[in-house]
Amino acid sequence: MKNLGENLVEEKKITKLTFALFTGLFLIMITAIYSYFIVLQKSFIWEGDGFSQHYLIFKDYLSLIKSYFADPSAGLQFWDWTNGMGADVLSAYGYYVVGDPFVYLGLLFPASMTEFAYHVLVLLRVYAIGIAFLFYCRRMQLASSGALVGSLIYTFAFYVVLNVTRHPFFLMPMIFFPLLCIGIEKILHNESNTLFIVVIFVSACSNFYFFYMLSVLIFIYAVIRYFNLYGTKNNKLLLGYVWKAVYSYLIGLLLSSVLFVPIVGGFLQSSREPGNFASGLLVYPVKYYWSLILNLFISERYLWTVFGYSSFALLMVPMLWMQRKMFSFIPVTLGIFALMLTLPAFGSIMNGFAGPYNRWTFAIPLFVSLGAAILYNSRFSLKKKEILAMGCMILLYGGILFVVIQVIDLRTAFITPLIFAILMWLVLLLANKQQNKKVLTRGFKGFYSAVLLLLIMANLSYNAMDYYYSWGQNTIELSVDYGTIDDEYLTTFDRLEQQLPQDTDISRIGVTSKDNHIKNQFIILEEMGLNSYLSVSNGFISNFARQLGTGQFQLIQPLRNGFDDRQTANNFLGVRYILTEKENEVYLPYGYEVVENLSDKSSDFIVAETKNYFPFASANPVYLTYELFEKMNPIEKEQFLSYGVVIDSKEVETTDLTLFDQPLKVKSEGYQLVSENKTKINIEEDGITIKEDNGKVELLLDDPTALQQAEVYVYLEGLDFTPSVSDPLTGTPTAFNAQVKLGERKKTIRQSDVLSFSSYFKRTNMLFNMGFQEENSKEEKITLQFSKAGNYKLEDITVFVVPLDNDYSDRVMEKRDNQLNIETFTNKMISGSITMAEPSILATTIPFTKGWKAEVNGEKVETILVNEGFIGLPLKSGNSEITFTYQPPFLILGAFLSLAGILLLILNHVFWNKH
């Protein structure tokens, strides 16, 4: 079998008219679905990641590119100091925009129309999805009318509808996958491999995460199609096709290397971690399996298993078996995909061996839509038993639906697919009855075809509306109001950052632990801060945050929420100012005082400043090895940062350095753990059992005066939660909140659920900073509350106090005396001078990466990792002229590999022409 068209009755091929008709139908669908956004003045920008990541990064990246075109002599910007503590642009933005060809079309719009451009390009991606499917149908020689229907089902599958407003760049694999399939078809039919190479190149540049999934999926497709076309007899033929596909893939990958290699290199040293394979699951929760059926035709999803197809696909199901020859490889492919969906192991493999989430389900609509196209083309040639089988399938689905809705809340959207399926089935029934009687004229054929098409379009529109509209799931309310987002960024702090002194001193702006909404806004504000919220963050900064035990740490937000309001940590990171709302003043770290002349009384925000922020880079002869540092608790680690530098003694000659041997002023205080309600809370030797949600225990201090004039911390170690109940439908819940209260301060740390996509990691320790207690503080008790009932095993609960250190300011001044006198500070280069009387270690707060190269007095010097996350340099005594320059790691290697790809592409072309 060479193509699917051989078994079809209709003869009209896909032509330019087909593409024109699709364009018209596409515009009708877009108008029907998205005009509601215009009525409500809502944007496609989700108030979650859309606000914090997608639009913000799109806007900033276009600004970077336009800046380059305005002044090419300045070169491309590869490092950005406003992104967290500083980040590589390729690594940070590569997941979102760098290789996406649609993003660059945004350069055609003026800066004032960036938000409009964002929306145009989202819809243009959706349009390209349908066009890519039509090209695939043309390759498979499907008739035009079925291809049109299939293209609508593919274009408006729920995966697309979902990501128009959630993650627009997730739409790209739905463009690439059908094009890759065309490339494989060409290879299997001994035609040119150029298209396959080009699509591999573009998809590898676009997003490495989805490229991985596309690679696995196209391998599955290629294997199935080979055996579908050629059977199992000729193994020599198989090896030839395998070789051609593999070297074509490698050429495409090599061509992309200038972007792919540095971006993947950044990912491999990022804060991401795979965790347990498939999150330790052998099977999914029961709810997942019924959702596989329930969600087939509605706009809901579970664990990123996204379906939401037209009800027309339900009528196709019995045909997949009854007309196996006509549907060719589609039943086998869907069968394999169905198997993959049943086990968490497959979800984990497709997700890069991380959590068992099925983001790869973007591939399923291709085969569902292809089958629907074939069925539509056969709409007037169905047999009675086939019509009957479709009716039985509707009854079966209705029965399953009836059982499922007995245990869940009924929504109209659950019943609607069944209604649409019945109406479509009736149209096919009537059309084929008249066809069998030979009374179906061309006019009536057109009528039934149009009715069926309208039902499919209405069905797809309804599904999308149910997701967006107020009478359904009302997710449109989660979108930012159109035309407001740019101003929201600029008024993050009521523009108070613009009032800060513009001196040459290099420092950062911080926030408090209550400022959960501050993520990437510093990028737009063009200010140096700490916060970042990106899928790829620097792994060394993540390790630094973990070493210090910051309670707000997340894998993709390592330095969020003001580093839990800890004084020394904020000072160490160079935070001079903290901007926050007035109501958060109580959470300011010790030493940060409200600056009255910078805090507008008419504003809800305040500016706080400290004199004890550390310099950007300073030298110190005092050190600790990583082995000794690891033995400290997180508070001791934080305190040591004001004394010296943490280094690897294997990397640095320590003969002339001074090993730190002073006691640190961190004390633990005795207490009694008590509960007011002993019937609901059991305090045991190895933990606490909470019998009802939000159970509280109290830590009554033996000496309450010990808290005065000191920073207070509560440290939970060896924490392990076992819930009191386990829902057989949704699985064992692992999420809970732990909250500590002392006086006016409340601090909450969340243990996310094992099946939460990006935020899960097991917190065995939790450190709560309860702030500095004044001399007149009369607080005697600390309250510890757990949100979920269950058993909380604990190895220890420690109350640490750090008394006021009168020598702290002197140590800060000493760092200032030994700071690098910076003369040049840009996104490409830092230069300055320093004079030391003895050999020392220069410690910077540049996030560690091999991209920063250093020269001391004109000679290249290898940078070292200091303080668990930053760049340092060993310095000799005397004057040192120091220059740091930045180039993305692996960029040169990637460029050479791309050049090799170009040469291989030329050789491939020459070889192909000869054969």
Side-chain angles (χ1 to χ4, degrees), residues 1-6 99 132-133 135-142 172-173 175-208 210-261 264 328-330 332-333 336-337 350 360 363 366-367 370 894 896-915:
M1 182 184 298
K2 291 185 179 181
N3 55 67
L4 296 172
E6 288 182 353
F133 181 83
F135 275 115
Y136 178 67
C137 288
R138 188 171 71 173
R139 173 67 206 187
M140 305 305 287
Q141 298 186 22
L142 260 69
M172 297 304 293
I175 301 172
F176 296 137
F177 188 50
L179 298 179
L180 286 171
C181 291
I182 296 173
I184 286 295
E185 292 292 330
K186 284 178 170 288
I187 290 173
L188 291 176
H189 287 87
N190 298 308
E191 299 174 24
S192 172
N193 60 352
T194 302
L195 176 65
F196 185 72
I197 292 171
V198 169
V199 181
I200 288 291
F201 159 66
V202 177
S203 58
C205 288
S206 179
N207 184 286
F208 65 90
F210 284 108
F211 176 70
Y212 165 76
M213 286 184 265
L214 285 167
S215 297
V216 176
L217 290 165
I218 201 60
F219 169 79
I220 293 172
Y221 179 87
V223 170
I224 292 172
R225 276 299 279 159
Y226 171 80
F227 288 111
N228 174 243
L229 290 170
Y230 301 111
T232 59
K233 297 179 180 179
N234 196 336
N235 291 330
K236 289 183 179 180
L237 193 63
L238 172 63
L239 292 175
Y241 286 128
V242 168
W243 164 242
K244 186 174 181 181
V246 168
Y247 83 69
S248 300
Y249 178 93
L250 291 176
I251 291 174
L253 187 58
L254 283 172
L255 288 170
S256 72
S257 293
V258 67
L259 290 180
F260 186 79
V261 171
V264 171
S328 186
F329 61 94
I330 299 173
V332 175
T333 306
I336 291 173
F337 287 167
M350 294 300 292
W360 63 271
L366 178 70
F367 302 98
L370 189 63
F896 276 114
L897 290 174
S898 288
L899 181 60
I902 293 172
L903 295 174
L904 288 174
L905 182 64
I906 294 170
L907 290 174
N908 171 76
H909 184 69
V910 172
F911 176 82
W912 181 256
N913 285 341
K914 287 184 177 180
H915 291 75

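Contact check for Y247 versus L904: no side-chain heavy atoms found under the 4.5 Å cut-off. H189 places a side-chain heavy atom less than 4.5 Å from the side chain of L229.
For the atom pair OG1 of T194 and CG of N908, the computed distance is 6.0 Å after rounding to the nearest 0.5 Å. Taking CG from L142 and OH from Y136, the interatomic distance works out to 9.0 Å, rounded to the nearest 0.5 Å. The CG atom of L370 sits 6.0 Å away from the SG atom of C137 when rounded to the nearest 0.5 Å. Taking CZ of F367 as the start and CD1 of I336 as the end, the distance is 9.5 Å to the nearest 0.5 Å. How far OG of S203 is from CZ of F208: 13.5 Å, rounded to the nearest 0.5 Å. To the nearest 0.5 Å, atom NZ of residue K186 and atom CZ of residue R139 are 5.5 Å apart.
A donor-acceptor contact shorter than 3.5 Å is absent between the side chain of S206 and the backbone of V202. Without hydrogens or angle criteria, S898 side chain to V258 main chain gives a donor-acceptor distance under 3.5 Å.
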Could you walk me through whether Y221 and F329 pass the ring pair (Phe, Tyr, Trp, His ring centres under 6.0 Å) check? CA-CA 9 Å; Y221 179 87; F329 61 94; 5.8 Å; yes
One pair to check against side chain to side chain contact (heavy atoms under 4.5 Å, CB included): V246 and F219. What are the steps and the verdict? CA-CA 10 Å; V246 168; F219 169 79; over 6 Å; no
From CA spacing to verdict: ring pair (Phe, Tyr, Trp, His ring centres under 6.0 Å), Y249, F211: CA-CA 12 Å; Y249 178 93; F211 176 70; 5.7 Å; yes
Could you walk me through whether Y226 and L237 pass the side chain to side chain contact (heavy atoms under 4.5 Å, CB included) check? CA-CA 10 Å; Y226 171 80; L237 193 63; 3.8 Å; yes
Using side chain to side chain contact (heavy atoms under 4.5 Å, CB included), reason through S328 and N228 one step at a time and then give a plain yes or no. CA-CA 7 Å; S328 186; N228 174 243; 3.2 Å; yes
Determine, stepwise, if the pair L179 / V198 fulfils side chain to side chain contact (heavy atoms under 4.5 Å, CB included). CA-CA 10 Å; L179 298 179; V198 169; over 6 Å; no
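The only member of L255, L254, I251 that meets side chain to side chain contact (heavy atoms under 4.5 Å, CB included) when paired with I902 is L255.
In plain terms, the two heavy atoms of M350 and M213 that are nearest each other are O-CG, 3.1 Å. When all heavy atoms are compared, the tightest approach of E191 to K244 is O-NZ, 2.9 Å. Minimum interatomic distance between C205 and S256 (heavy atoms only, all atoms of both residues): SG-CB, 3.6 Å. Scanning both residues, I187 and A245, for their nearest heavy atoms gives CD1-CA, 4.1 Å. The nearest pair of heavy atoms linking L253 to I200 is N-CG2, 3.6 Å. Nearest heavy atom pair, residue L366 against residue P178, reads CD1-CB, 3.9 Å.
The aromatic ring centroids of F176 and F210 lie 6.0 Å or more from each other.
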